[in-house]
Amino acid sequence: MSNESRNLDQLQRWMQTVISWPGGVEAGIDSEAAQSEIPLERSELETVVTASSRQTSLERMGIYANAYYARLLECLSEEYPALVSAMGKTAFGAFSMEYLQEFHPTSYTLCDLGAHFPQFLTEHKPPAEENEFNWTDFLIEIATLERVYSEVFDGPGIEQETLLTAEVLNSIQPEEWPEVTLKMAPCFRLMQFQFPVHEFISQARKGNSPQVPEQQLTCLAITRRNYIVRREVVSQAEYLLLSKLQQGLNVGDAITCLAESDLMEPEELGAKLHEWFKHWTTAAFFIDVSKQ
Amino acid sequence: MLKPRLGHENLGLGVGLRTVHFPHILEHQPEVDWFEIISENFMDSAGRPRHVLEQIADRYPVVMHGVSLSIGSTDPLNREYLKKLKTLAESINARWISDHVCWTGVAGRNTHDLLPIPYNENTLTHLVKRIRIVQDILERPLVLENPSSYLEFQDSTMSESEFVCRMAEEADCGLLLDVNNVYVSSVNHEFDPVKYIEMIPAERVVQCHLAGHTNCGTHLIDTHNGQVIDPVWNLFQLMHQRTGGVATLLEWDADIPPFPVVHAEVLKARKYMDENLPVRNQANLEETVTNPSSAAIPHPASFIVAEVE
């Protein structure tokens, strides 16, 4: 193909294909995708990319190809440090390579690069393991929580909001409470895991090499205060009640759901409710109330 | 006749804002002339990065430097991106908005790298048209930086310096002259960096970048991971003499040292800002190989790690 007939679009599509080809530059040049843009023998690369006195055109293309995966892998490693710790660098790198083939980076920001990693791991879970929790689930759960941390850290928060005060809550008459609905903070997340992944992640992010924990149902309430992501373990009863409130049920209906769940004895529930709501308000899980 | 720096202020000696330095800057409020941010790290932020930026923008002049405009791509311009860019610039009173003479992806993808374009008439027409559209949308002149590059195309019919000069004149945009990039590319493509600097229309240079790079033996890579070497300082001095002085900024993106070290590095520029100093001998434009087997990679963009209790 002559230089005159080769337009910029062809050249860019060709170069992007070649430098991001998982098998390397030479395989990239040979690929159907690259050949459809610029039909080329490897030996003819110099008709597209010039050589220097110290480097061949292939070596020069290789700089971009090496940088492509190295940079993206570095970024994913920074977002998922605990997953790297759990999987090991080699396995993480291999999964990342597969991930980047399936989810090409398209966003203008690197913050979106790892957004689909938990989904990718879930979709590539070995079929034989579908009905049992195991090592793969542990990895998926780590990835899920690390991604939530990223989203909560840089997403909408409550730092500029006027928070609920005790005065506001005290102004609600006891008979009005069942009809009250609560507006959750935009940074609030409720998560349920089969492993205490939060502890593993915290240790890994401190640079330690944590042991893989025993399976243990773990409910987490995650939010952000003063621009730092906070997470705390909540009981299954708290999780159920918070999830119902998050779904928009009023306080009365949410409590009824919990009472019918057999997670707590009625006397125990009655004693705990006040303590819970007080703490959740202090922790700014809610940012507003409305009386229907 | 054009005003120097297209009328923009010479902001002095600034530092690229990096998250590892947030605590130091907020606590000590160092006497830095100005900061440059990576635009994409703040455009969508509603968390700590944006909160810190607002505090810094209250105290220091801020300039926005982007890595994803992809002005050279054949993909349509991302108008949603441009809208967010403009909104951020207005909210932090950014003195100007810059990006690179490059493309970052095509067919909807973003490689997150600053990829080279062939320097010819067709590409020039393509870029000039797109720069004008961007300037209309942003309602301000765009400032574009010469990239470091590691390959050249057979399709090029002119030098990078000629392309950049004509692009700036025809699109009526500003230039961010990265003297480290000039040096890196001059070694990689075997051209004279002094002639490059001498060719640039001085009055269009709004800003200058300084940085360290990695010498891989057969080529240099723009890694932003160390001190500025003497040959690059010499080019800076020449640039300073030609322009009369422009806002100058140090980029340090890998192996980032404490803030005072980074700040001290850019302050070295003062030594080269005496217009009576002669430009150093061309024979000094040599350096030793520092990392021949390096897996060095350029760092045009960075990921901001979440802070968790």
Side-chain angles (χ1 to χ4, degrees), chain A residues 3 6-9 11-13 15-16 19-20 46-50 52-55 57 59-61 63-64 66-68 70-72 74-76 78-79 81 104-111 113-114 146 149-157 159 187 201-202 205 224 227-231, chain B residues 40-41 43-52 66-70 72-75 78 81 103-113 115 117-118 120 122-123 126 150-156 188-190 216-219 221 295 297-309:
Chain A
N3 293 359
R6 186 161 62 213
N7 66 34
L8 184 60
D9 190 50
L11 187 65
Q12 291 183 342
R13 286 170 186 269
M15 182 171 177
Q16 181 172 275
I19 64 171
S20 63
E46 252 187 77
T47 63
V48 182
V49 173
T50 62
S52 72
S53 66
R54 291 188 290 182
Q55 282 196 297
S57 45
E59 288 169 334
R60 300 178 105 191
M61 285 289 284
I63 295 171
Y64 287 98
N66 293 337
Y68 177 77
R71 180 183 307 103
L72 299 181
E74 184 178 288
C75 175
L76 289 172
E78 286 174 350
E79 179 161 20
H104 294 300
T106 57
S107 171
Y108 52 82
T109 169
L110 281 170
C111 295
L113 183 69
E146 292 205 292
Y149 284 167
S150 295
E151 291 171 355
V152 171
F153 176 68
D154 213 19
E159 288 82 1
C187 47
I201 290 173
S202 294
R205 288 188 173 214
R224 190 182 82 203
Y227 299 102
I228 304 289
V229 179
R230 325 275 172 169
R231 89 287 187 279
Chain B
E40 291 80 2
N41 283 347
M43 285 164 60
D44 297 317
S45 173
R48 180 165 156 78
R50 181 61 181 262
H51 175 62
V52 173
V67 291
S68 288
L69 175 61
S70 202
S73 173
T74 53
D75 271 3
N78 184 341
Y81 167 85
W103 61 289
T104 59
V106 71
R109 289 172 57 178
N110 186 351
T111 66
H112 295 284
D113 201 351
L115 302 172
I117 51 175
N120 57 38
N122 287 341
T123 316
H126 177 68
Y150 313 105
L151 64 78
E152 291 181 308
F153 295 104
Q154 286 289 3
D155 291 6
S156 290
N188 293 343
H189 308 315
E190 299 161 307
C216 300
T218 55
H219 61 284
I221 293 190
I297 56 169
H299 285 85
S302 59
F303 178 78
I304 296 182
V305 178
E307 294 175 53
V308 184
E309 186 179 47

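Chain identifiers are assigned alphabetically (A, B, ...) following the order of the sequence lines, protein sequences preceding nucleic acid strands; residue numbering begins at 1 within each chain. Atom set for the values below is all heavy atoms of this structure, side chains included, hydrogens, waters and symmetry mates excluded. Given the structure is predicted, the values throughout are model-derived calculations rather than measurements.
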Hey, what do you get for OH (B:Tyr150) to CG (A:Asn66), rounding to the nearest 0.5 Å? 12.5 Å
If you look at every heavy atom in B:Gln154 and A:Glu46, which pair is closest and at what distance? NE2-O, 2.7 Å
Which is it for A:Tyr64 and B:Leu115 under the side-chain contact (heavy atoms from CB on, under 4.5 Å) test, yes or no, and what are the steps along the way? CA-CA 8 Å; A:Tyr64 287 98; B:Leu115 302 172; 3.5 Å; yes
Most heavy-atom pairs under 4.5 angstrom with chain B, which of A:Asp154, A:Thr106, A:Asp9? A:Asp154
What residue in A:Gln16, A:Glu151, A:His104 has the most heavy-atom pairs under 4.5 Å with chain B? A:Gln16
Taking B:Arg50, B:His126, B:Glu40, B:Glu190 one by one, which has the highest count of heavy-atom pairs under 4.5 Å against chain A? B:Glu190
Nearest 0.5 angstrom please: B:Asn41 CG to A:Cys111 SG, how far? 6.0 Å
Contact leader toward chain A among B:His51, B:Glu309, B:Arg109, where contacts are heavy-atom pairs under 4.5 Å: B:Arg109
What residue, out of A:Glu146, A:Glu74, A:Met61, has the most heavy-atom pairs lying under 4.5 Å from chain B? A:Glu74
Between A:Tyr227 and B:Arg48, what is the shortest heavy-atom contact and its length? CD2-N, 3.4 Å
Considering all heavy atoms, the nearest B:Ile297-A:Ala67 contact: CG2-CA, 3.7 Å
Top of A:Leu113, A:Thr109, A:Ile63 for chain B proximity - count of heavy-atom pairs under 4.5 angstrom: A:Ile63
What part of B:Asn78 gets within 4.5 angstrom of chain A, counting heavy atoms only: side chain, backbone, both, or neither? side chain
Sorted by chain and number, sequence neighbours left out, ring-ring contact (aromatic ring centres under 6.0 Å, His included) with A:Phe153 holds for none
Applying side chain to side chain donor-acceptor pair (under 3.5 Å), name anything that partners A:Ser107, two or more places apart in sequence or on another chain. A:Asp112
Write down the atom of B:Met43, the atom of A:Tyr108, and the distance for their closest heavy-atom approach. CE-CE1, 3.9 Å
Relative to chain A, which segment of B:Ser73 carries a heavy atom at a distance below 4.5 Å: side chain, backbone, both, or neither? both
Can you say whether A:Ile201 sits under 4.5 Å from chain B via the side chain, the backbone, both, or neither, judging by heavy atoms? neither
The interface call for A:Ile228 against chain B, heavy-atom contacts under 4.5 Å, is both
Of the non-hydrogen atoms in B:Leu151 and A:Val49, which two are nearest, and what is the gap between them? CB-CG1, 3.8 Å
Which portion of A:Tyr149 sits near chain B, non-hydrogen atoms under 4.5 angstrom: both
If one checks every heavy atom of B:Leu69 against chain A at 4.5 Å, the contacting part turns out to be neither
Could you tell me the separation between the CD atom of A:Gln12 and the CG atom of B:Asp75, rounded to the nearest 0.5 Å? 8.0 Å
When rounded to the nearest 0.5 Å, the distance separating CZ of A:Arg54 from CG of B:Asn188 is 7.5 Å
Nearest 0.5 Å, what's the CG-CG distance between B:Asp155 and A:Leu8? 9.0 Å
Of the listed residues (A:Pro81, A:Ser53, A:Cys75, A:Ser202), which shares the most heavy-atom pairs with chain B below a 4.5 Å separation? A:Ser53
Under 4.5 Å from any heavy atom of chain B - which part of A:Glu59: neither
Interatomic distance, CD@A:Gln55 vs OG1@B:Thr218, rounded to 0.5 Å, equals 4.0 Å
